[in-house]
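Below: one structure, written as structure tokens.
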Amino acid sequence: GQQLNQSPQSMFIQEGEDVSMNCTSSSIFNTWLWYKQDPGEGPVLLIALYKAGELTSNGRLTAQFGITRKDSFLNISASIPSDVGIYFCAGPYNTDKLIFGTGTRLQVFP
Amino acid sequence: GAVVSQHPSWVICKSGTSVKIECRSLDFQATTMFWYRQFPKQSLMLMATSNEGSKATYEQGVEKDKFLINHASLTLSTLTVTSAHPEDSSFYICSARDLELAGAPNEQFFGPGTRLTVL
């Protein structure tokens, strides 16, 4: 079946550093979504990508839809403590369902 | 906009009892809601798709008689875990799609989750 693999699995960085994570798939997606989940909370949508090659920003976050349609990247610039959480990529299948990636756990130290 | 609530936020119950979890879209209508389960340090796994006015569709391996879903209105879906056992302890999260977001058909908005602990 489909799988979305995220790397790295976890990151420990210092406040102010930039962060980069990616998501790869064994199949093609027409949409990529990036979510952040805080501990004990539901995921919150950060960025949605709808076109191959698309580069979209949301504040300090920038995400790109890979040309092959099998990958996507999320970058966070100048990290701050509230960036701590788990970042998930997600892609649609079977019309309206979403499959989630394995997640990247981010820890930011002051 | 696009706020989804869940109730309760956490519940502890005895083995063998049933637990009902509510999912509401507060400021939009949703013909489709989704129920996910998330075990510690794992990703979200889709359990079922809840359709207003019709039967839910379950993912492979999810027992429909154990996880009863009712979607009685465009703003409310309920998940009932029947005869709960300790292995059902998990974080249950619902999501909904906003019908008005025609240009974003795949975006789902998530509730805050319900932590179920079965003793």
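Every chain is numbered from 1, with letters handed out A, B, ... down the list of sequences. What you see is a predicted model; the values in this text were computed from it and never measured.
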* Are B:Val11 and B:Thr114 close enough that some pair of their side-chain heavy atoms sits under 4.5 Å apart? -> yes
* Asked: Do A:Leu106 and A:Ile13 touch side chain to side chain, with heavy atoms closer than 4.5 Å?
  -> yes
* Ring geometry between B:Tyr36 and B:Phe110 (parallel below 30°, tilted from 30 to 60°, perpendicular above 60°) -> tilted
* **Under 4.5 Å from a heavy atom of chain B, the part of A:Gln6 involved** => neither
* Leading residue by heavy atom contact count with chain B [cutoff under 4.5 Å; candidates A:Gly101, A:Pro43, A:Ala48] -> A:Pro43
* Check each atom of B:Gln42 against the heavy atoms of chain A and say whether the ones under 4.5 Å are side chain, backbone, both or neither. => backbone
* Structure fact -> The interface call for B:Leu44 against chain A, heavy-atom contacts under 4.5 Å, is both
* Got more than 12 heavy atoms from elsewhere within 6.0 Å of NE2, B:His7? -> no
